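Worksheet: one structure, shown below.
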Amino acid sequence: MSARSPFYITTAIPYANGAPHIGHAYERIAADAIARFKRLDGFDVLFVTGMDEHGQKMQRTAAHEGQTPQQLADRTAAQFAAMGTALFAGADDVVRTTQTRHHAAARELWTRMAAAGDIYRSKYPGWYSVRDEAFFDESELIEGPGGTLLAPTGAPVEWVEEESYYFKLSAYRDRLLKLYRDSPDFVTPEKYRNEIVAFVERGLTDLSISRSTFDWGIPVPGDARHVMYVWVDALANYITATGFPDPEALRQKFWPASAHVIGKDITRFHAVYWPAFLMSAKLALPRQIVVHGFLFNRGEKMSKSVGNVIDPLALARHYGADQLRYFLLREVPFGQDGTYSHEAIVNRINADLANDLGNLAQRCLAMVARNCGGILPAPAALSEADQALLAQAAALPAKSRAAMQDYALHMVLTGIWRVAGEANRYFASEEPWVKRKNDPPRMQTILYVTAEVLRMVAIMTQPFMPASMEKLLGLLSVPENARNFVDAEIAQGLVAGTLLPLPAPVFPRYIDAEEHLLKKGLT
RNA sequence: GGCGGAGUAGCUCAGCCGGCUAGAGCAGAGGAAUCAUAAUCCUUGUGUCGGGGGUUCGAGUCCCUCCUCCGCUACCA
């Protein structure tokens with residue numbers, strides 16, 4: 001058994017006090033597509049997500065709804081699990097911070113940081129907002145009615161001096177800068193790396209990493225009056241999943257992680273705090289922090305007050321999970337912010353999926369069904385056009401890998417669709433429906449070549465639209481064990497003489513309800 | 001204020017170290033074909049490349065300056 005390289009990829013762990021929204025869906029889909037890509041490319045993949053279930057906000061939300069924090073956590077975890085299933089983006093494991101295994105991992109991480117002399121106890125004084133669960137600098141405060149001081153969010157603040165454990169983050173400035181220098185792509189895209197470097201260069205102050213004002217959390221080793229504040233607790237989930245601290249754990253080989261996929265708002269925690277914690281605990285550092293942008297509905301930020309909060313499950317149900325996945329990964333350059341709208345989604349579904357790819361498959365396979373008795377014909381000698389097209393398709397694995405090096409998912413899809421477009425031009429100019437009458441062997445070759453290109457395109461598209469491509473590869477009678485990227489590097493992978501199933505459309509066109517009625521003459 | 005990014009066809013954007021007549025996709029217009037999910041193919045753009053100045057034989061592509069937008073500037077899960 002050859003040792004396949006391990007590839008460990010994670011999403012951030014959502015805070016468990018609310019239902020999933022489109023941002024969670026986007027991150028999960030992107031990470032899932034990367035995981036599938038690597039798996040099809042021969043890697044031994046571990047794909048992990050999780051839930052951040054501790055903290056004062058959990059306690060408060062739960063109390064407000066008359067349940068225990070654990071009940072709230074369970075409910076939210078179930079919602080996220082359902083989202084994973086509905087989006088074809090279920091992970092291999094879900095680390096919930098309330099799990100015993102996670103408590104063990106977080107406590108061990110803390111203990112090692114303490115053993116390194118990086119944790120000390122001190123006072124944490126300042127203006128505290130219970131509602132925001134955060135301290136604010138005096139300069140940030142705003143004046144409220146009657147001259148009272150309020151947090152920037154408008155929440156009331158009070159002066160407190162809380163005892164807290166601190167992490168000596170300040171001591172890690174130079175080591176972090178060296179990390180960014182030695183691994184220039186530790187944070188990607190570059191834009192975020194630059195921000196992080198600038199931030200660290202300004203100098204770091206120590207980090208408060210425990211709280212004693214609430215108790216819904218992991219007790220600090222040796223001081224049960226404190227629980228770990230979010231940083232140590234939540235970030236530790238990434239090592240929990242690999243079985244840490246058990247050196248015998250089967251998943252130990254997956255650490256260090258290959259990629260932590262996160263939203264741009266939490267870049268600092270992953271690119272500064274996390275590597276510092278790991279250095280302190282003398283653990284290996286993750287290979288890369290992969291930052292993605294935000295999604296906006298018609299350019300507007302999603303918010304409850306505007307009333308444009310979208311349930312990702314509703315979107316998946318309405319457009320189809322694969323269609324939604326394709327739209328998000330194709331339309332938004334990965335790493336940048338993006339916008340979505342009904343019109344844009346419909347345009348992608350119809351132009352790219354139904355027309356470019358779906359229709360190409362249908363016209364090719366329908367001709368095989370009608371003119372070749374449903375049996376994949378054998379090609380005669382290949383023309384220059386045949387070979388050129390096949391070569392373009394066979395080059396997709398290498399091109400896709402190159403784009404994936406920078407996690408440019410949209411570029412991978414752009415490259416695949418360029419080949420699909422090429423195949424459409426090929427099919428139109430070769431006119432197999434004319435050859436049917438005057439040169440049947442040539443028609444057979446054209447159909448074979450087109451089917452072959454469809455096979456390679458389908459294999460490469462699997463990470464993005466797993467269900468639809470399973471269907472298309474089934475229509476081409478491609479065996480389950482011949483659907484990896486290496487199989488797309490070989491032209492003429494289809495076996496002539498194979499009986500193909502009856503063709504059926506893979507991507508239906510999206511027709512608006514009103515338009516649908518118009519077509520039926522029901523208006 | 002400081003640091004960084006962006007301003008290119010109606011829309012979304014490519015354009016690396018300066019060089020032949022500034023590109024792609026989508027949308028729009030015209031045409032061809034009819035195998036196919038009314039799908040496909042071909043043709044079609046008078047764009048001040050944010051404004052101004054400069055360097056150069058030659059500048060979206062380098063320098064200066066101005067305008068506009070955005071991100072970061074410490075503990076918002």
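Computed from a predicted model, the values in this text were never measured in an experiment. Reminder, nothing fancy here: chain letters follow the sequence lines and each chain counts from 1. The analysis underlying the following values was restricted to heavy atoms, covering all of them including side chains, and did not include hydrogens, waters or symmetry mates.
Below 30°, between 30° and 60°, or above 60°: for A:His103 and A:His54 the angle between ring planes is above 60°, a perpendicular geometry.
Cation-pi check for A:Lys264 over A:Tyr192 is not met; the charged atom does not lie both under 6.0 angstrom from the ring centroid and within 45 degrees of its normal.
Within the nucleic acid shown, A:Asp356 comes within 4.0 Å of sugar-phosphate atoms alone, with no base atom in reach, counting heavy atoms only. Within the 4.0 angstrom heavy-atom criterion, no nucleotide atom of any strand lies near A:Tyr192. Using a 4.0 Å heavy-atom distance criterion, A:Pro432 is classed as making no nucleic acid contact. No engagement by A:Ile266 is indicated, since no non-hydrogen atom pair under 4.0 Å with the nucleic acid exists. Contacts of A:Asn347 with the nucleic acid, taken as non-hydrogen atoms under 4.0 Å apart, involve only primed sugar atoms and P, OP1 or OP2.
One can place NZ of A:Lys191 at 13 Å from P of B:rG4, the figure rounded to the nearest angstrom. Counting to the nearest Å, the P atom of B:rC35 and the NZ atom of A:Lys437 are 7 Å from each other. Between the C1' atom of B:rC13 and the CZ atom of A:Arg330 lies a distance of 10 Å, rounded to the nearest Å. Spacing between atom OH of A:Tyr229 and atom P of B:rA74 amounts to 16 Å, rounded to whole angstrom units. When rounded to the nearest whole Å, the span between CG of A:Asn424 and C1' of B:rA32 equals 16 Å. Rounded to whole angstrom, the span from the CZ atom of A:Arg363 across to the C1' atom of B:rA36 amounts to 6 Å. For the pair A:Ile349 CD1 and B:rC26 P, the interatomic distance rounds to 16 Å; values are reported in whole Å. Distance CG (A:Leu353) to C1' (B:rA39): 14 Å, rounded to an integer number of Å.
Considering only the side chain of A:Thr205, B:rA74 comes nearest among B:rA74, B:rU37, B:rA14. Closest to the side chain of A:Gln362, out of B:rA74, B:rC41, B:rA36, is B:rA36. Considering only side-chain atoms of A:Leu204, the nucleotide from B:rC35, B:rA74, B:rA14 that sits closest is B:rA74. The nucleotide whose nearest atom lies closest to any side-chain atom of A:Arg425 is, among B:rC41, B:rG71, B:rA33, B:rC41. With distances taken from any side-chain atom of A:Leu169 to the nucleotides B:rA74, B:rC76, B:rU34, the minimum falls on B:rA74. Closest to the A:Ala354 side chain, of the nucleotides B:rA74, B:rU37, B:rC35, is B:rU37.
Side-chain N or O atoms of A:Asp322 include one that pairs as donor or acceptor with a backbone N or O of A:Ser468 at under 3.5 Å.
Note: A:Trp417 CH2 to A:Arg348 CZ = 10.0 Å, rounded to the nearest 0.5 Å. We find the OH-CD1 distance between A:Tyr120 and A:Ile209 to be 9.5 Å, quoted to the nearest 0.5 Å.
Nucleotides B:rA24 and B:rA14 have their P atoms positioned 16 Å apart, rounded to a whole Å.
Nearest-nucleotide positions on RNA chain B place A:Ala366 closer to the 5' end than the other of A:Ala428 and A:Ala366. Between A:Pro508 and A:Ser429, the one whose closest nucleotide on RNA chain B sits nearer the 5' end is A:Pro508.
An OP1 or OP2 oxygen of B:rA36 is reached within less than 4.0 angstrom by a side-chain nitrogen or oxygen of A:Arg370. The shortest distance between the side-chain N/O atoms of A:Arg509 and the OP1/OP2 oxygens of B:rA39 is below 4.0 Å.
Annotated as anti: B:rG28, whose glycosidic dihedral deviates from 0 by more than 90°.
On a pure distance criterion of 3.5 Å, no polar donor-acceptor pair joins the side chain of A:Asn355 and the base of B:rA39.
Side chains of A:Thr205 and A:Ser170: a donor-acceptor N/O pair is absent below 3.5 angstrom, by distance only.
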